[in-house]
Amino acid sequence: MPRADLAGTVKLKAMQKRAVVLLSGGLDSATVAAIAQAENFEVHALTVAYGQRHAVELAAARRVAKSLALAGHRILDAPLGDLGGSALTDNIAVPKGRDLAEIERDVPVTYVPARNTVLLAYALAYAEILGAADLFIGVTAVDYSGYPDCRPAFVEAFERLAQVATQSPHPFRVHAPLIDLGKAEIVRKGLALGVDYGLTHSCYDPGPEGRACGACDACLLRQKGFAALGLEDPALADR
């Protein structure tokens with residue numbers, strides 16, 4: 001590499017700010033990781049094994065982190081499953097085949113109590129350790145399953161909390177770049193950034209081989225996004 005180009009590369013790396021991105025392995029979080037990279041952040045992904053009934057999404061998170069060549073990726077255990085209370089962590093049936101209007105109206109049994117509060121708390125702790133001031137989370141208040149911790153008020157409240165919950169000398173910012181986007185807009189943005197959605201996993205109730213069921217809320221919302229762009233969801237391509 002010519003000396004001038006090398007100097008430019010070193011300068012670019014020096015200018016990069018660190019960010020912690022919550023990476024579940026799903027469509028939304030993969031898109032957010034790519035967005036953070038495009039905004040020139042050095043991305044340190046954090047995946048939390050919170051006691052979900054399957055480990056398929058953890059494998060997906062590893063695939064996505066590798067594909068995007070993230071600066072770092074850690075997986076932590078936070079056994080919310082010990083508390084139960086959700087179809088994702090307890091022996092409660094996952095709703096299937098619901099009407100899209102119904103999905104967006106009610107808080108379903110797949111809501112995990114306080115999950116995003118816990119996940120962001122871990123991300124905040126990791127950011128303080130890394131000297132990062134930026135947290136990214138893939139919540140959206142459009143085309144979602146009615147979860148209370150996916151709304152702008154939650155993100156804003158946690159950002160205020162972050163300012164008084166640490167000894168960091170710099171203010172924290174919680175980025176939720178998908179908060180006002182529907183699934184089609186998210187997919188379009190991710191494809192433009194080179195996200196391989198075939199590596200992601202969003203299904204709430206995958207089969208024995210880890211394949212998406214195609215009928216839970218998460219699968220239906222994904223399908224809606226891809227269909228709006230005239231595309232097939234790669235998670236269902238082999239069904």
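All residue numbers refer to positions in the sequence shown, counting from 1.
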Salt-bridge criterion met for D217 and R98 (N-O under 4.0 Å):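 Salt bridge present between D217 and R98.
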Closest approach of [X] and [Y], non-hydrogen atoms and distance?
{"X": "Q163", "Y": "P171", "result": "OE1-CA, 3.2 Å"}
{"X": "T117", "Y": "F154", "result": "OG1-CE1, 3.2 Å"}
{"X": "P113", "Y": "G85", "result": "CD-O, 4.0 Å"}
{"X": "S202", "Y": "R222", "result": "OG-NH1, 2.9 Å"}
{"X": "V20", "Y": "A123", "result": "CG1-CB, 3.9 Å"}

D205: salt bridge (Lys or Arg N to Asp or Glu O under 4.0 Å) partners, not counting sequence neighbours: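 K96.
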Applying the 4.5 Å side-chain criterion to the ILVMFWY set and letting contacts propagate, would [X] and [Y] be lumped into a single cluster?
{"X": "L27", "Y": "L58", "answer": "no"}
{"X": "L119", "Y": "I179", "answer": "yes"}
{"X": "L161", "Y": "Y126", "answer": "yes"}

Can you give the donor-acceptor pairs under 3.5 Å from side chains of residues 60-67 to other protein atoms, not counting sequence neighbours?
{"unit_1": "R63", "atom_1": "NE", "unit_2": "L199", "atom_2": "O", "d": "3.1"}
{"unit_1": "R63", "atom_1": "NH2", "unit_2": "L199", "atom_2": "O", "d": "2.9"}

Point-to-point distance, once rounded to the nearest 0.5 Å, from [atom1] of [X] to [atom2] of [Y]:
{"X": "K224", "Y": "D233", "atom1": "NZ", "atom2": "CG", "result": "14.5 Å"}
{"X": "Q223", "Y": "L236", "atom1": "CD", "atom2": "CG", "result": "5.0 Å"}
{"X": "R188", "Y": "L231", "atom1": "CZ", "atom2": "CG", "result": "9.5 Å"}
{"X": "L229", "Y": "L191", "atom1": "CG", "atom2": "CG", "result": "7.5 Å"}

Whether Y197 and F226 hold their rings parallel, tilted or perpendicular, with breakpoints at 30° and 60°: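 Ring orientation of Y197 relative to F226: perpendicular.
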Whether H170 and F172 hold their rings parallel, tilted or perpendicular, with breakpoints at 30° and 60°: perpendicular
Is a donor on one side and an acceptor on the other found under 3.5 Å between the side chain of [X] and the backbone of [Y]?
{"X": "E128", "Y": "T166", "answer": "no"}
{"X": "Q52", "Y": "T89", "answer": "no"}
{"X": "Q37", "Y": "A33", "answer": "no"}
{"X": "E39", "Y": "A36", "answer": "no"}
{"X": "D149", "Y": "A114", "answer": "no"}

Test applied, side chain to side chain contact (heavy atoms under 4.5 Å, CB included); reference residue, L23; option that passes from I137, T47, I75: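 Exactly one option meets the side chain to side chain contact (heavy atoms under 4.5 Å, CB included) with L23, and it is T47.
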Minimum side-chain heavy-atom gap P95-V109 below 4.5 Å: yes
Student check: side-chain heavy atoms of R18 and D134 closer than 4.5 Å: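 They are not in contact (no side-chain heavy atoms under 4.5 Å apart), so the answer is no.
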Between Y50 and R115, a side-chain donor and acceptor under 3.5 Å: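 Yes, side-chain donor-acceptor contact under 3.5 Å.
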F41/H175 aromatic ring centres below 6.0 Å: yes
